[in-house]
Trainee: 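What follows is a structure written as structure tokens; I'll ask about it next.
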Amino acid sequence: MPYAQFKIIDIHARIKLKIKVNTKPFGEIEVAEAQVIDFPEGILGFDFIRKFVILDSGDEGSPFKWMQAFDEKNLAFVIIRPEDFMKKYELVISQNDYEAVGASGPEDLLVFAIVTIPENPSNMTANLQGPVIINPVKKLGRQAISLSDSYNVRHRIMDEINKQTKAGGR
Amino acid sequence: MLVLARKLNESIMIGDDIEVVVIDIKGDQVKLGINAPRKVSVHRKEIYQEIKQENIAAISSDFTPGTLRDLSDLFKKDKDKK
């Protein structure tokens, strides 16, 4: 069956397809095409960036990732999953935000908070008012707006971690 | 800009399915109730500005790869404690 065989090769080639990206943290690297996420509306203040690549920080055991603008080397955000510094996090966003990335609920999404690292790095904060939501299946992303009163644009990450440790009974 | 005067409990319609009701008026604060389909997002305008400013602050963060590695270690210590 030559046709079926051709199809298998085609799928294989697509999985392996790599593209070059100029990154702020690592210079020029190759990533799998599947790592490129479309942000049809960009993110607030950067609506001209329509594609981001999510990269591991490269440090073993690190909770941080990079959200690198595909066409702008110097535009890269440090991001973190809220679960990695908060014991209890709940994504509360509008239907509109879910629909924009082709998701029907939180179970379809990867959720990240953008991290701001000030002069004293241990005062780093995470933005939970505008969580970045990504539908990994559809490769669609968006900065949503939290509808919960519990979240703001600057959550001190170390405070949250310390809360967790205390709650752990130590 | 269209300007409409409304009293307490009066409302305006935006299109066929968005209603804005004046629920309470106290001094310089007005409480508005909004009835809109779920797919319409309704947020205070400042929220957009706050998120935008924080995105700009995040991108302006100046730190070395070493800083990020040190910060990662803070999480590891936390995990070891548990």
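Per chain, numbering begins at 1; letters A, B, ... match sequence-line order. Worth knowing before you read on, the calculation uses all heavy atoms, side chains too, and leaves out hydrogens, waters and symmetry mates.
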Trainee: Quick check on B:F63 against chain A: is it the side chain, the backbone, both or neither that has a heavy atom closer than 4.5 Å?
Mentor: side chain

Trainee: Would you give the length of the straight line joining atom CD of A:E60 to atom CZ of B:R69, rounded to the nearest 0.5 angstrom?
Mentor: 12.0 Å

Trainee: Kindly compute the distance separating CD1 (A:I145) from CZ (B:R44), expressed to the nearest 0.5 Å.
Mentor: 10.5 Å

Trainee: Please tabulate, for side-chain N and O atoms in residues 67-75 of chain A, each donor-acceptor pair with protein atoms closer than 3.5 Å (sequence neighbours left out).
Mentor:
from, atom 1, to, atom 2, distance (Å)
A:Q68, OE1, A:K24, N, 2.9
A:Q68, NE2, A:E72, O, 3.1
A:Q68, NE2, A:K73, O, 3.0
A:Q68, NE2, A:L75, O, 3.4

Trainee: In terms of heavy-atom proximity below 4.5 Å to chain B, should A:I93 be classed as side chain, backbone, both, or neither?
Mentor: neither

Trainee: Check each atom of B:I47 against the heavy atoms of chain A and say whether the ones under 4.5 Å are side chain, backbone, both or neither.
Mentor: side chain

Trainee: Does B:E46 CD have over 12 foreign heavy atoms under 6.0 Å away?
Mentor: yes

Trainee: Just checking B:Q29: does its CD atom have more than 12 heavy atoms from other residues, nucleotides or ligands closer to it than 6.0 angstrom?
Mentor: no

Trainee: Measuring from atom CD of A:Q143 to atom NZ of B:K52, what distance do you get when rounded to the nearest 0.5 angstrom?
Mentor: 12.0 Å

Trainee: Measure A:E99 against the heavy atoms of chain B and call it side chain, backbone, both or neither at under 4.5 Å.
Mentor: side chain

Trainee: Testing A:N152, A:T116, A:N127 one by one against B:E54 for a side chain to side chain donor-acceptor pair (under 3.5 Å), which residue passes?
Mentor: A:T116

Trainee: I need the minimum non-hydrogen distance between A:I157 and B:F75, along with the two atoms involved.
Mentor: CG2-CZ, 3.6 Å

Trainee: For the atom pair CG (B:L74) and CE (A:M124), what is the distance rounded to the nearest 0.5 Å?
Mentor: 5.5 Å

Trainee: Would you say A:V153 and B:Q53 make side-chain contact, with heavy atoms under 4.5 Å?
Mentor: no

Trainee: Would a 4.5 Å heavy-atom cut-off, applied to side chains only, mark B:L68 and A:I117 as touching?
Mentor: yes

Trainee: If you group Ile, Leu, Val, Met, Phe, Trp and Tyr by side-chain heavy-atom gaps below 4.5 Å, do B:I14 and B:L2 land in one group?
Mentor: yes

Trainee: Are A:F26 and A:V31 connected, step by step, through hydrophobic side chains (Ile, Leu, Val, Met, Phe, Trp, Tyr) whose heavy atoms are closer than 4.5 Å?
Mentor: yes

Trainee: Is it true that, when you exclude B:D62 itself, more than 12 heavy atoms of the residues, nucleotides or ligands shown sit nearer than 6.0 Å to its CG?
Mentor: no

Trainee: Backbone N or O of A:S62 within a donor-acceptor pair of the B:S72 side chain at under 3.5 Å?
Mentor: no

Trainee: Does one hydrophobic cluster hold both B:L32 and B:I25, with members joined at side-chain heavy-atom distances below 4.5 Å?
Mentor: yes

Trainee: Is there a donor-acceptor contact under 3.5 Å from the side chain of B:N55 to the main chain of A:L44?
Mentor: yes

Trainee: Look at A:S122, A:P121, A:S146, A:A100 and state which one has the largest set of heavy-atom pairs under 4.5 Å with chain B.
Mentor: A:P121

Trainee: Where on A:V115 is there a heavy atom nearer than 4.5 Å to chain B: the side chain, the backbone, both, or neither?
Mentor: backbone

Trainee: Determine the option with the most heavy-atom pairs under 4.5 angstrom with chain B, choosing from A:S94, A:P25, A:A76, A:S57.
Mentor: A:A76

Trainee: Is A:F64 in contact with chain B via its backbone, its side chain, both, or neither, using a 4.5 Å heavy-atom distance?
Mentor: side chain

Trainee: Please determine whether residues A:V101 and A:V111 belong to a single hydrophobic cluster, defined as Ile, Leu, Val, Met, Phe, Trp and Tyr linked transitively by side-chain heavy-atom distances below 4.5 Å.
Mentor: yes

Trainee: Show, in sequence, the C-alpha distance, side-chain angles and deciding distance for A:N96 and B:V40, and conclude whether the side-chain contact (heavy atoms from CB on, under 4.5 Å) test is met.
Mentor: CA-CA 6 Å; A:N96 188 37; B:V40 175; over 6 Å; no

Trainee: Are there over 12 heavy-atom neighbours, none belonging to B:D17, within less than 6.0 Å of that residue's CG?
Mentor: yes

Trainee: Do you reckon A:L109 sits in the same ILVMFWY cluster as A:F39, going by side-chain contacts under 4.5 Å, direct or chained?
Mentor: no

Trainee: Quick one: which of B:T67, B:V42, B:I56 has the most heavy-atom pairs under 4.5 Å with chain A, could you say?
Mentor: B:I56

Trainee: What part of A:Y98 gets within 4.5 angstrom of chain B, counting heavy atoms only: side chain, backbone, both, or neither?
Mentor: neither

